[in-house]
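Order of the sequence lines sets the chain letters (A, B, ...), proteins ahead of strands, with each chain counted from 1. Computed from heavy atoms alone, side chains included, the values below leave out hydrogens, waters and symmetry copies.
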There are 2 protein chains.
Amino acid sequence: MQSYIKNPMGIEVKSFEIIGEEMGPHSFDERELSIIKRTIHTTADFEYKDIVYIREGAIDAALNILKKGTKIYTDTNMALSGINKRALKILGCDVVCYVAREDVAKIAKERGITRSMAAVEIAVEEGVEFFVFGNAPTALFKLKELMLEGKANPGFVVGAPIGFVGAAESKEEIEKMDLPMITVRGRKGGSSVAAAIVNALMYMLVERS
Amino acid sequence: MQSYIKNPMGIEVKSFEIIGEEMGPHSFDERELSIIKRTIHTTADFEYKDIVYIREGAIDAALNILKKGTKIYTDTNMALSGINKRALKILGCDVVCYVAREDVAKIAKERGITRSMAAVEIAVEEGVEFFVFGNAPTALFKLKELMLEGKANPGFVVGAPIGFVGAAESKEEIEKMDLPMITVRGRKGGSSVAAAIVNALMYMLVERS
């Protein structure tokens, strides 16, 4: 068995070099590129180069919210787990996921909605500004509904639900809104991709280590 | 905005139907197919049809360990988060991830190894039989080293480290061992894929709900 790199940061730096070499020509600026590369890094799938949509002004909007210390909503505990806790702490940010809460399960059952939908309602009531969706199309549809009803006014959204039923449509729908966002178009995305996008944003403010 | 399916199990059933229709001809048996479909479900990436390797006898070996109630080692908190807690509970199983433990960080720093390598050493000392790798090639290399030294004798391994540096090689190396395993060949894999494989195995024993 050959020797292997045992330094995690060394592995990450080398990985990003390989991604840069293999991804070919592009027109991303430096900050956009750091987001794209991190989604490829977390999936080993170069298709992310073509399906990540970064709305103009979205990065600045996200960073401004992160800088002041914010509560980040996530729709899954996997996304929550994947978000770098050290960077969160330095920024004075917090990350929450309500889907496993007993009151959320109760509300969902009583009203015949998903737990993710109930969770997004609670986050909106709490005034959360920074939303991260890696799994639940229903939650992203619900956020749009709450916006159309004038009840929600998010400052930034990562829209990356994954899957074969509703995921692509949920992202098409949220893109119709005038709102700073980063989405993953089509079926792909997921909790690890959503977390990677948040981490890429935080690493623009906090040195990676 | 069109109406949308709000029943999570309905979404999953429909998703699996779509995956079955689109994945085309194959020679998987029913149990293998359930694993393959779940990896595609969690990535929206049909390449998993071609890169998931299920060793003969591996499914039975995994189920026999799960049935008796076991401690499952995972290399990331994301994989841990993605493993279905209800199914674990019914099976009397538990899932652990040691990478964030303070003693693990201390050992890693003192010895110049990764936290994942230190974590796998602890799991081996504890007699863990069921290993799940979704991220760390170094941990999978370390498990092979411990096997070659006669210190580790795992009963089943999910080998799905993802990435550009060492991931593919780590899986090639573990495949050389005579050991029940499911791996994801090449660069792809990841915590969500590793968790999906474990869930697919548990759902062979515990009804999905």
Side-chain angles (χ1 to χ4, degrees), chain A residues 1-2 4-8 10-19 22 40-45 47 76-82 85 97 100 108 112-117 134 136-138 141 144-145 148 162-170 173 176 186-193 195, chain B residues 1-2 4-8 10-19 22 40-45 47 76-82 85 97 100 108 112-117 134 136-138 141 144-145 148 162-170 173 176 186-193 195:
Chain A
M1 184 160 36
Q2 66 203 82
Y4 47 92
I5 302 182
K6 297 185 185 70
N7 174 335
I11 293 171
E12 186 165 306
V13 168
K14 180 73 187 158
S15 298
F16 274 68
E17 284 174 15
I18 295 170
I19 294 166
E22 293 191 23
I40 296 171
H41 179 251
T42 204
T43 57
D45 183 349
E47 194 185 343
T76 62
N77 278 305
M78 277 196 83
L80 184 148
S81 295
K85 303 301 177 294
C97 176
I113 60 176
T114 66
R115 289 182 295 150
S116 297
M117 291 168 74
T138 58
F141 281 125
K144 178 171 174 178
E145 280 181 4
L148 292 174
I162 189 168
F164 296 86
V165 177
E169 295 81 355
S170 74
E173 286 300 323
K176 292 176 187 166
R187 289 170 166 177
K188 290 185 178 178
S191 299
S192 55
V193 171
Chain B
M1 182 159 39
Q2 65 203 80
Y4 47 94
I5 302 180
K6 298 186 185 68
N7 174 334
I11 294 171
E12 185 164 306
V13 168
K14 181 71 187 161
S15 298
F16 274 67
E17 283 174 17
I18 295 169
I19 294 166
E22 293 189 23
I40 296 171
H41 179 251
T42 204
T43 57
D45 183 348
E47 194 186 343
T76 62
N77 278 304
M78 278 198 84
L80 185 148
S81 294
K85 302 302 176 296
C97 177
I113 59 175
T114 66
R115 289 183 294 149
S116 297
M117 291 168 74
T138 56
F141 281 125
K144 179 170 176 179
E145 281 181 3
L148 292 174
I162 188 168
F164 297 85
V165 177
E169 296 80 357
S170 75
E173 286 300 323
K176 292 176 187 167
R187 290 171 166 177
K188 289 186 178 178
S191 298
S192 55
V193 171

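- Between A:I18 and B:F164 the shortest heavy-atom distance is CD1-O, 3.5 Å.
- Contact tally against chain A (heavy-atom pairs below 4.5 Å) for B:G163, B:G190, B:G166, B:S192: the top residue is B:S192.
- Among B:A79, B:S116, B:A44, the residue making the largest number of heavy-atom pairs under 4.5 Å with chain A is B:A44.
- The minimum heavy-atom distance between B:T43 and A:K188, with the atom names listed, is O-CG, 3.8 Å.
- In this structure, B:K85 NZ and A:N77 CG are separated by 7.5 Å, a value rounded to the nearest 0.5 Å.
- Shown here for A:T42 and B:I162, the closest heavy-atom pair between the two residues is O-CD1, 3.3 Å.
- Proximity to chain A is limited to the side chain of B:E22, based on heavy atoms less than 4.5 angstrom apart.
- Closest non-hydrogen pair, A:K14 versus B:V165, comes out as CG-CG2, 3.4 Å.
- Neither the backbone nor the side chain of B:L80 comes within contact range of chain A; no heavy atoms are under 4.5 Å apart.
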